[in-house]
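Scroll down for the structure; my scribbles are underneath it.
This one's a predicted model, so the numbers in the text were calculated from it and none came from an experiment. Along the sequence shown, residues are numbered consecutively beginning with 1.
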Amino acid sequence: MGVWGTSIFSDDNACDVRDDYRRMIGDGLDGPQATDQLLRQWASLEGDPHLAATFWLALAVTQWKCGRLEDRVREKALCVIDDGSALHPWRGSHLERKRAAVLEAARNQLLLQQPPVRKIAKQFRTSCDWEHGELIAYRLLSGNFVVFQVVEFHRDAGGVAPICEIIDWQGSQIPRLSELEGLSMRKQISLVFKNRPTRHRNEARPQYRLMIGQASKREFPKDRVFQLNARLPIQHPPKPRNVANPTTVSLWRYLDRTLETCYGLR
């Protein structure tokens with residue numbers, strides 16, 4: 001988690017509070033129910049004054065903008081402003097005055113009449129019914145086919161997205177399983193090293209993994225994706241969570257561009 005500025009939402013924790021609250025409202029919880037659920041999720045915040053200040057300020061400003069500011073949340077937010085805990089990390093720095101101005105503006109906002117209740121749309125969540133080791137053919141814009149293998153899944157509040165590797169094969173027709181057996185996975189082109197001498201490029205650790213997400217249901221190109229109903233052993237099993245698993249991320253809408261840029265496929 002990081003802080004990159006003095007504004008209320010220049011903080012990863014504040015952004016998480018805002019996004020989680022909006023998601024809960026979109027899922028059908030009323031304001032107090034969403035607040036109670038957030039309090040359960042952030043149960044440890046009372047032991048960390050800075051985290052508590054971040055939480056109450058982010059929640060109060062988010063609720064105000066949504067027309068759902070609760071008295072208990074406003075009181076907590078005003079308290080962390082008035083007692084100095086929301087300013088403490090900036091004290092003595094060149095940013096203290098700027099942060100103080102941000103807090104004063106937030107205080108004034110929270111004392112104003114809030115806008116009418118805003119409808120919060122239900123957040124789209126991705127889903128995926130593919131399985132580990134499964135092979136998926138994808139038709140490029142050129143008409144050629146490539147084949148993904150599902151090696152893992154990424155799960156978060158936005159849903160489930162497949163993490164794939166790409167078999168080092170390309171053809172004009174969907175392949176038979178026998179054509180793919182024994183082939184290696186295609187390495188990504190290293191954008192950092194591609195313009196350097198070969199001896200330096202060879203020092204780069206190969207990267208294979210590609211996570212494919214989507215921001216809406218309609219962007220999934222169902223007429224270009226074909227489940228082969230076949231599996232192969234996974235060549236590069238996911239590493240433990242405490243070990244880096246370098247993964248390129250792309251939305252379906254940008255996939256052809258990503259495949260060309262990162263894998264040289266078109």
**Request:** Would you sort out whether Arg22 and Asp19 count as a salt bridge (Lys or Arg N to Asp or Glu O under 4.0 Å), showing the intermediate values?
**Result:** CA-CA 5 Å; Arg22 292 177 59 88; Asp19 295 345; 5.9 Å; no

Please report the C-alpha distance between Leu255 and Leu259 in whole Å, then the side-chain angles of each, then the deciding distance to 0.1 Å, and finally whether the side chain to side chain contact (heavy atoms under 4.5 Å, CB included) criterion is met. CA-CA 6 Å; Leu255 184 57; Leu259 293 175; 3.9 Å; yes

Point to revise | Derivation of the side chain to side chain contact (heavy atoms under 4.5 Å, CB included) call for Val102 and Ile8 | key: CA-CA 7 Å; Val102 167; Ile8 301 300; 4.0 Å; yes

- Query: Which is it for Leu135 and Ile167 under the side chain to side chain contact (heavy atoms under 4.5 Å, CB included) test, yes or no, and what are the steps along the way?
  - Reply: CA-CA 9 Å; Leu135 303 181; Ile167 296 178; 3.9 Å; yes

Starting from the C-alpha separation in whole Å, work towards a yes-or-no answer on side-chain hydrogen bond (donor to acceptor under 3.5 Å, both in side chains) for Gln207 and Thr248. CA-CA 9 Å; Gln207 185 167 327; Thr248 296; 3.2 Å; yes

- What do the steps show when you test Gln33 against Asp36 for side chain to side chain contact (heavy atoms under 4.5 Å, CB included), and what is the final call? CA-CA 5 Å; Gln33 289 173 330; Asp36 289 343; 5.7 Å; no

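With sequence neighbours left out, the side chain to side chain contact (heavy atoms under 4.5 Å, CB included) criterion links Arg257 to Tyr254, Thr261. For Glu219, the side chain to side chain contact (heavy atoms under 4.5 Å, CB included) test picks out Gln214, Ala215, Ser216, Leu251, Trp252, Arg253, with sequence neighbours left out. When the side-chain hydrogen bond (donor to acceptor under 3.5 Å, both in side chains) test is applied to Arg139, no partner is found at least two apart in sequence or on another chain. Qualifying ring pair (Phe, Tyr, Trp, His ring centres under 6.0 Å) partners for Tyr263, counting only residues two or more places apart in sequence or in other chains: none.
Rounding to the nearest 0.5 Å gives a distance of 9.5 Å between CG of Leu111 and CG of Leu69. Note that CD1 of Ile136 is 4.5 Å distant from CD of Gln227, once rounded to the nearest 0.5 Å. To the nearest 0.5 Å, atom CG of residue Asp11 and atom CG of residue Leu51 are 8.5 Å apart. Atom CD1 of Ile25 and atom CG of Asp20 lie 11.5 Å apart (nearest 0.5 Å). To the nearest 0.5 angstrom, Cys262 atom SG is 16.0 Å from Lys187 atom NZ. Here the straight-line distance linking atom CZ of Arg74 with atom SG of Cys79 works out to 14.5 Å at 0.5 Å rounding.
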Show me, pair by pair, the donor-acceptor contacts under 3.5 angstrom made by side chains of residues 145-163, not counting sequence neighbours?
| unit_1 | atom_1 | unit_2 | atom_2 | d |
| --- | --- | --- | --- | --- |
| Gln149 | NE2 | Gly133 | O | 3.4 |
| Gln149 | NE2 | Leu232 | O | 2.6 |
| Gln149 | NE2 | Pro233 | O | 3.4 |
| Glu152 | OE1 | Arg209 | NH1 | 3.0 |
| Glu152 | OE1 | Arg209 | NH2 | 2.9 |
| His154 | NE2 | Asp156 | OD2 | 3.0 |
| Asp156 | OD1 | Gly158 | N | 2.7 |
| Asp156 | OD1 | Gly159 | N | 3.4 |

Show me the side-chain donor-acceptor pairs of residues 52-62 shorter than 3.5 Å, one per line, residues at least two apart or across chains.
| unit_1 | atom_1 | unit_2 | atom_2 | d |
| --- | --- | --- | --- | --- |
| Thr54 | OG1 | His50 | O | 3.0 |
| Thr62 | OG1 | Ala58 | O | 2.7 |

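Both Leu87 and Leu95 are part of a single hydrophobic cluster, where members link through side-chain heavy atoms under 4.5 Å apart. Note on Ile234 and Leu183: separate hydrophobic clusters, where clusters join Ile, Leu, Val, Met, Phe, Trp and Tyr whose side-chain heavy atoms are under 4.5 Å apart, directly or indirectly.
Test Arg40, Glu70, Met24 against Thr35 for side chain to side chain contact (heavy atoms under 4.5 Å, CB included) and you get one pass: Glu70.
The residues Arg224 and Asp256 are annotated as salt-bridged, a charged nitrogen and a carboxylate oxygen being separated by less than 4.0 angstrom. Here Arg125 pairs with Asp27 in a salt bridge; the nearest charged N to carboxylate O distance falls below 4.0 Å.
Scanning all heavy atoms of the two residues, the minimum distance from Tyr208 to Arg186 falls at CD2-O, 3.5 Å.
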